[in-house]
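Here's the structure, in structure tokens; my notes come after.
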There are 2 protein chains.
Amino acid sequence: MLHNSASFCTSLSRQKTVTAICQAISGWIEQGELTHNDRLPAERVLSEQFTTTRITLREALGQLEAQGMIYREVRRGWFVSPPRIIYNPLQRSHFHAMAREQGRKPATEVLDAGEIVAPEVINAHLTLPSRSRVYCIRRIRRIDGRAVLYVEHYLNPEYFPAILHEDLTSSLTELYANTYGIRYGKVRFAMLPTTFPLAASRALKVADNSPALFITRINRDQYGRIIDCDLEYWRYDTLHIMVEAE
Amino acid sequence: MLHNSASFCTSLSRQKTVTAICQAISGWIEQGELTHNDRLPAERVLSEQFTTTRITLREALGQLEAQGMIYREVRRGWFVSPPRIIYNPLQRSHFHAMAREQGRKPATEVLDAGEIVAPEVINAHLTLPSRSRVYCIRRIRRIDGRAVLYVEHYLNPEYFPAILHEDLTSSLTELYANTYGIRYGKVRFAMLPTTFPLAASRALKVADNSPALFITRINRDQYGRIIDCDLEYWRYDTLHIMVEAE
DNA sequence: TAGTGGTCTAGACCACAGG
DNA sequence: CTGTGGTCTAGACCACTAG
């Protein structure tokens, strides 16, 4: 036989079972038999359906997870990933506005808030001296009910007196503007793929060591002063980053 | 620099073995017993050392891989990840300059180059009509010998006559400037975590379905015309993205 | 309490890489 | 050819979630 597509697929002949499972499940999703946030059948059911073991089945689920096609909630099961949110980290638009503009339902939950001695990383970001005290607000944010983001905000307290007594479930952006007359100016951000730290995986109820997108934002106000920084841990399959240069 | 060092004690009794292995191996790396691009002992050796099975051992290796601490080359073994490259996608600086500024050794390899009928996605990016013909250049790029990037460049041929006869192993940025008087202007980029497509995993010799960072860049010249776009697939643990707003 | 995912065992065969 | 990683089998117990 001459050059046909079979030769192209040699590397697929490895991993026969896993590939077949991946194709079958993504077929269900593409054909709408399963839609956003639907739960997949139990692992034992699937492994029987595909006449294989749970180990192999979980290998396939792991690959679909890496592609961002499905996600899991710890000890609850596997679910179909909803479409990604388009996120421009340079933009001032806040989380709730961003989600709503894209037809999604946002929600915010405050885990805790207080004044702490800042870790050295934070002092460096905020250009504060060692052992400075800062406000720390930890929140999780949901889209359509699904917890997608764990974030720690560190605020230079000089600019935000008594902010801890305000309602922190709404947008900090609005609070800054309405109560303190402070608006976001220049932003600097860093981003790297890694895994969730323990505090985040607990709060989001994802498996320990799930992959995550870690984004650091350092925010200045309209006068160029560094006012706060955010450490954001996003579920791996949540975001589609888009940035346009000025 | 990585906040995500292995110092997290993992939750209580779950994942006892895997956690112990992860801590041991990251200990070796932090204490310099293993350094950048060193190969780890064989899986069978490690699984015996930790008195466990290869399945469990591979679970641990997979977690270290997700953290970006180690990487694998298909059927060759596991290696210690070198430090990440700092990458600003909005910057005009080209790959070789970027790598050298950070004390690394860059290399480029052209896989193929030719004139093709553009896929519709590409026409959309370049704002060309359906079934346009474009130049396509596929390359892989290395840092310190390790293949880290698979990239497809799509060029609007109107601006680059006869470019396929030039030396394409060097910087396109320089070729554009020196031969065509075209310099990069505004850039727009999108980024999302996913897995390598087959062409990329083959070229980079990474496992099929390894996680990857997919970056699309749409480049304009000094007159604001869209001149080309890049589809870049980076190894997951290669980059530390940093962007500063103007 | 029942059923789920999370973890782990103890093997096995294959395809490919390197000597 | 030898050793490697890649894949797969057929079970098991535990921890947690949901009803």
Side-chain angles (χ1 to χ4, degrees), chain A residues 6-7 9-23 25 38-66 70-79 145 147 195-196 198 201-210, chain B residues 10-23 25 38-66 70-80 147 195-196 198 201-202 204-210:
Chain A
S7 66
C9 288
T10 43
S11 94
L12 287 185
S13 67
R14 305 188 317 231
Q15 232 190 35
K16 198 167 44 84
T17 311
V18 168
T19 303
I21 297 172
C22 287
Q23 287 173 347
I25 295 179
D38 276 0
R39 202 183 139 192
L40 270 64
E43 291 181 359
R44 284 171 179 81
V45 173
L46 287 173
S47 61
E48 199 170 320
Q49 230 170 85
F50 292 108
T51 56
T52 185
T53 57
R54 271 182 71 210
I55 294 273
T56 303
L57 187 268
R58 281 169 65 85
E59 169 73 19
L61 294 177
Q63 291 194 6
L64 293 171
E65 180 185 39
I70 63 177
Y71 66 96
R72 63 178 122 172
E73 292 194 359
V74 79
R75 274 171 212 286
R76 290 205 344 105
W78 297 84
F79 302 83
T195 53
F196 286 108
L198 202 57
S201 56
R202 289 239 180 93
L204 295 182
K205 295 191 181 159
V206 303
D208 286 359
N209 291 302
S210 296
Chain B
T10 333
S11 56
L12 309 91
S13 61
R14 299 187 328 213
Q15 235 189 30
K16 198 166 43 86
T17 311
V18 168
T19 303
I21 298 171
C22 287
Q23 287 174 347
I25 294 179
D38 276 0
R39 202 183 141 194
L40 270 64
E43 292 182 359
R44 284 172 180 80
V45 174
L46 287 173
S47 61
E48 200 171 319
Q49 230 171 86
F50 292 108
T51 56
T52 185
T53 57
R54 273 183 71 211
I55 294 272
T56 303
L57 187 268
R58 281 170 64 85
E59 169 73 18
L61 294 177
Q63 291 194 5
L64 293 171
E65 181 185 38
I70 63 177
Y71 66 97
R72 64 177 121 174
E73 291 195 359
V74 78
R75 273 171 212 287
R76 290 204 344 106
W78 297 85
F79 302 83
V80 177
T195 54
F196 285 108
L198 202 56
S201 56
R202 287 239 182 95
L204 296 183
K205 296 191 180 156
V206 303
D208 286 0
N209 292 302
S210 297

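Residue numbers start from 1 in every chain, and the chains themselves are labelled A, B, ... in the order their sequence lines are given, proteins ahead of strands.
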* To do: Map B:Gln63 and B:Arg54 onto DNA chain C by nearest heavy atom, then report which one ends up closer to the 5' terminus.
  => B:Gln63

* Asked: Between B:Glu59 and B:Ile55, who's closer to the 5' end of DNA chain C by nearest nucleotide?
  -> B:Glu59

Which nucleotide in the set [options] lies at the smallest distance from any side-chain heavy atom of [X]?
| X | options | answer |
| --- | --- | --- |
| B:Arg72 | D:dC16, D:dG5, D:dG6 | D:dG6 |
| B:Arg39 | D:dT4, D:dG6, C:dG18 | D:dT4 |
| A:Ala42 | C:dG5, D:dG5, C:dG11 | C:dG5 |
| B:Thr52 | D:dC8, C:dG5, C:dT9 | C:dT9 |

* Closest approach of A:Ala147 to A:Leu204 (non-hydrogen atoms, all atoms of both residues) -> CB-CD2, 3.7 Å

Nearest whole angstrom, please: distance from the [atom2] of [N] to the [atom1] of [X].
| X | N | atom1 | atom2 | value |
| --- | --- | --- | --- | --- |
| B:Glu73 | D:dT4 | CD | C1' | 13 Å |
| B:Arg44 | D:dT7 | CZ | P | 13 Å |
| B:Arg58 | C:dT7 | CZ | C1' | 16 Å |
| B:Leu57 | C:dT9 | CG | C1' | 13 Å |

* Asked: Does the C:dG5 base have a donor-acceptor partner in the side chain of A:Arg76 within less than 3.5 Å?
  -> no

* To do: Confirm from the modelled atom types if B:Arg75 and C:dA15 form a donor-acceptor pair under 3.5 Å, side chain to base only.
  => yes

* Going from CD1 on B:Ile21 to OG1 on B:Thr51, what distance comes out if it is rounded to the nearest 0.5 angstrom? -> 8.0 Å

* From B:Leu61 CG over to B:Glu59 CD, what is the distance, rounded to the nearest 0.5 angstrom? -> 9.5 Å

* OP1 or OP2 of D:dT7 under 4.0 Å from side-chain N/O of A:Thr17 -> no

* **Pairing partner (Watson-Crick or G-U wobble, both distances under 3.5 angstrom) of D:dG19** => none

* To do: Taking atom types as modelled, find out whether B:Trp78 and B:Glu43 have a side-chain donor-acceptor pair closer than 3.5 angstrom.
  => yes

